[in-house]
Structure formats: structure tokens, C-alpha cells
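The structure under discussion appears below in the form of C-alpha cells.
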Amino acid sequence: MIKLYDIDHVVMGVKDLDESVESWQNEFGLTEVSREGSQSFLVCNYEKPSLILQKTPEAGILHAAYQLAPELTLDDAEKHLKEKRVQFTRSETAVSFEDLEGNGIQFVNYRPKEGQDKFPREWRQATQSHRIGAPRKLGHVNYLTADINRQVDFYLNVVGMKLADKLGADAGAFLHVGADHHVMAFVNTGQAHFHHIAFDMEDWGQIRQSFDHLAQYGRVMPWGPVRHGIGGNLAGYVRLPEADCFIELYSDMEQLDATHEPREYPDDRHSSNVWGMLPPRSYFRFDAESIKAERESLQSIWEKEPALLGD
Ligand SMILES: [Fe+2]
């Protein structure tokens, strides 16, 4: 029986490693703690690296890694995947495989917090200074899918997550491993694509400060601020065209306890954003035209680009 403890890190393929490290440090407030060959390791605070940037010819997310429950080993994970007849590769530190739509997944060992890291960052004595925007932690990943029911089944039975909630019968699904409402989620858009990496922020104040800061770097927020109905989090999203995805900054996510039973939320605007607006259509697209439309807010300017409004 497979069981996960938490999300561990995400590996993001980037074309220009130096430029991306600078961007993640200056714009999003992460800190590079080491560099090995074509990889850079970044932390939100004092934890083991949450984001690994890897120089690749094609930019995009390479995999999301999850820590096994403390009582499990990589041998257990390997045995489990063999039983499920899932192809995998094994290294000293990870078992790697893919989901049904080719998204990379890794199991890594549980990593107990040591020393001062057992305590909240606000309490501990600083060993490094934090930059503007430094999130509390890596929170979740989100994928667009063309095969939501089979993918959810795979993440429940093979990856070892639990269903938190569903949006409609098959419009979206949110999966958790611990108290946080979700560590990964699917949106059924009829097309598979990585959508976003989400970072947990202290509060609305830190989110506001971060988006003000990101605006100075020319980042565009196509959707937000919102209060999600499912998950309850306050959130905003900026596009990261150079990594073919979005970054979500959020706080105040619903906390689940051991008695949680999955709910099916109506597939409506209120479940997505209780405050109002749904995202523009570009939010689920990654082509150059959509990125341009979003950057120039063309979807909100009726006279100029009526074609973008659709039927
Ligand atoms: Fe999210």
C-alpha cells in the first residue's frame, strides 16, 4: 500500500539557467542554495530544495516529486509500481515514472525536518535573509487533462493520493495527501498540459506585496485576485511563458482532517471564484496568440478583437 507524506519539489526545464535563477530569486523570492552541472537548487526558506531548474532544450515542467510516508522506503515504492505494472526507473534517491499523459512523477524518501527547521520560519534565527516574495512553501501542482477519470484513478491507486473534492462530475478533481486541501489538481480541458506550480504565502498582505513586486518586472496576472470556492484559497496567477506554465501565489487554503469525505461541487462560476470573474480563455492556452491576447488584455477589449470573444 503506497502512502505519501507531502509534495517535495518540482523540476522545471529552462533554456537559460542563469536567467531563470536570477528571475526566481529576484521576482519570486526563492534562494539558490547550490548548483550542480546543468541544475540549480532553490529553496523558499530553509527547507530542502523545492524547485530545481534544469537547463533543457525545450522549456517546461519535467516532473513533480512527492515524499513517501515516513514508514515507506524506495524499495516499497518499487514493489508497489511493479504490482501496478507501471514502468519506472530507479536511482539512489528516487523512483521515477510517468502518469497516463506523460507527466513526470517521482517518489523520494521522507525527509524529516532537522534542527531549527522543525519550527516555523518566523520563530527561527535567520541563517539567510529572505527576499521579497519568499513563499512559505511549495504547495501544489496543477495539470490540464484530456482523460480526467483515468488520471484521477491513477493518482489514487498508483501514486497514492486521496480525493479531496470534485468540480462537477468530471470538470476538475483535487487530490490531497495531508491536511492541505490539495497537493495536485486536474482541470478537464480536453487537452493535456502542465498548468501551474503554486506557492503558499503567509497571508493576503504577502500576496499583495508579491504581485506589486512582480508587476514591476512586467509579469501579467491573467486571473486574480480570486477566492476559490473549492479549496477556499485566496489566489492570483502570473504567466511564466519561458517555462510554458503559470505560477500561483495563494494563502488560506482549506485544511482537511481525517474524517474528510470528498464533495462534488457544482461546475459553476461560484465554485471556481466566489468573488466573481472566471479566467479569460487564454488562461488554458499556451500558444503565442493567447499569450499576446492576455498580455494586452485583448479578451476584454470588445471592439478591437471581437474574434477572441468566440461565438
Ligand atoms: Fe492551484
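Indexing begins at 1, ligand by ligand and atom by atom, following the structure's order. Computed from a predicted structure; not experimentally measured.
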Side-chain donor or acceptor of Arg150 paired with backbone N/O of Phe154 under 3.5 Å: no
Whether Tyr143 and Phe186 hold their rings parallel, tilted or perpendicular, with breakpoints at 30° and 60°: tilted
Mutual orientation of the aromatic rings belonging to Phe246 and Tyr283 [parallel < 30°, tilted 30-60°, perpendicular > 60°]: tilted
His228 N/O/S atom closer than 2.8 Å to the Fe ion (ligand 1): no
Backbone N/O of Asp153 and side chain of Asn157: donor-acceptor pair under 3.5 Å: yes
Considering only N, O or S atoms of Glu248, the one closest to the Fe ion (ligand 1): OE1
N/O/S atom of His196 inside 2.8 Å of the Fe ion (ligand 1), strictly under: yes
